[in-house]
Protein chains: 2
Amino acid sequence: MLLKVLNGQPCCGLAAEPLADDRASLLALKFKALGDPVRLRLVALIASTAEVCVCDLVPAFALSGPTISHHLKVLRQAGLVDCERRGTWVYYHVLPEALGELKALL
Amino acid sequence: MLLKVLNGQPCCGLAAEPLADDRASLLALKFKALGDPVRLRLVALIASTAEVCVCDLVPAFALSGPTISHHLKVLRQAGLVDCERRGTWVYYHVLPEALGELKALL
DNA sequence: CTTCTATTTCGACATGTGTCAAGATAGGGG
DNA sequence: CCCCTATCTTGACACATGTCGAAATAGAAG
């Protein structure tokens with residue numbers, strides 16, 4: 001039984017490490033955050049510019065403000081995005097290191 | 001408002017495309033499949049060798065056979081892995097194109 | 001201070017998800 | 001044909017999740 005990574009065909013970063021339980025949970029949290037169409041589109045919108053105001057995100061969906069706020073919170077808690085308040089408005093930006101961590105596994 | 005991809009700093013593939021609704025749903029399905037610690041470890045195990053027998057996967061977890069079978073089904077339906085029956089045993093392997101599709105977005 | 005807007009939190013509800021035990025299915029070997 | 005093992009399916013249950021409206025909070029500006 002030969003490791004794929006030794007075959008010259010490492011199919012992905014996941015193939016390399018045995019992936020301990022606690023690390024798997026942390027990573028799964030991030031993948032799960034991306035595992036919703038609304039949140040995926042949110043990340044795409046946020047990533048497409050340096051930062052995006054929530055007031056620009058809400059009208060991009062046929063969903064209530066609280067629902068968008070909830071999804072943004074999930075993304076924040078997963079460590080994929082962060083936000084900054086400036087006056088009345090809140091601006092979101094992606095955390096590229098977090099996306100890079102996932103990318104390294106695929 | 002300048003696109004990040006034009007800044008010389010494309011943070012990820014997601015930043016490039018507007019990501020339509022139906023495509024987002026398909027992609028989210030795959031991310032969601034990875035969004036569980038057990039399934040993430042399953043993929044890691046399956047990816048680490050050319051193929052893995054279910055009978056080798058089950059004892060790697062403190063979970064019942066049906067539960068592992070359920071998770072494998074989720075991964076199959078997401079298009080991340082596929083399986084082949086040979087006699088009594090069923091062997092799983094990853095579908096690298098599917099992982100690559102996700103990788104391209106991050 | 002009061003009021004207005006932007007954003008989040010709370011409470012409620014329907015639906016989805018992870019898990020197991022029990023039963024069904026598939027194939028190999030007496 | 002019958003049994004044995006491997007795997008999957010079914011049914012049930014507790015728990016998590018996505019959604020909304022209503023209410024709370026944060027600032028800005030009268």
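Quick note: numbers below take in every heavy atom, side chains included, and nothing from hydrogens, waters or symmetry partners. Residue numbers start from 1 in every chain, and the chains themselves are labelled A, B, ... in the order their sequence lines are given, proteins ahead of strands.
One interatomic measurement links the two molecules: CG of B/L42 to P of D/dT7, which rounds to 13 Å at whole-angstrom precision. One can place CZ of B/R41 at 16 Å from P of C/dG18, the figure rounded to the nearest angstrom.
Residue B/T49 holds its OG1 atom at 11.5 Å from NE2 of B/H93, rounded to the nearest 0.5 Å. The CG atom of B/D56 sits 11.5 Å away from the CD1 atom of B/I46 when rounded to the nearest 0.5 Å.
Remark: B/K32 is in phosphate contact with C/dT17, judged by side-chain N or O atoms under 4.0 Å from OP1 or OP2. The phosphate of C/dT8 has neither OP1 nor OP2 within less than 4.0 Å of any side-chain N or O from A/K73. Look at B/Y92 and you won't find any side-chain N or O under 4.0 angstrom from OP1 or OP2 of D/dT7.
Cluster note: B/W89 groups with B/Y91 through ILVMFWY side-chain heavy atoms spaced under 4.5 Å, whether in direct contact or through intervening members.
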| note | Readout for nucleotides 19-30 of chain D: B = base within 4.0 Å of protein heavy atom, S = sugar-phosphate only, - = neither; 5' to 3' it is BBBB----SS--
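Taking every heavy atom of both residues into account, A/V43 and A/V94 meet most closely at O-CG1, 4.2 Å.
Judged purely by atom type and a 3.5 angstrom limit, A/R23 has no side-chain atom pairing as donor or acceptor with the backbone of A/S25. Using a distance-only test at 3.5 Å, with no hydrogens or angles considered, no donor-acceptor pair links the side chain of A/R41 to the main chain of A/F61. Between the side chain of A/R76 and the backbone N or O of A/A78, no donor-acceptor pair lies under 3.5 Å.
Across all strands shown, A/Y91 has no heavy atoms under 4.0 Å from either base or sugar-phosphate atoms.
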| message | Does B/L34 form a side chain to side chain contact (heavy atoms under 4.5 Å, CB included) with A/L105? I'd like the steps, not just the answer. | response | CA-CA 11 Å; B/L34 295 176; A/L105 294 173; over 6 Å; no
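Of the residues in residues 74-83 of chain A, none has a non-hydrogen atom less than 4.0 angstrom from any atom of DNA chain C.
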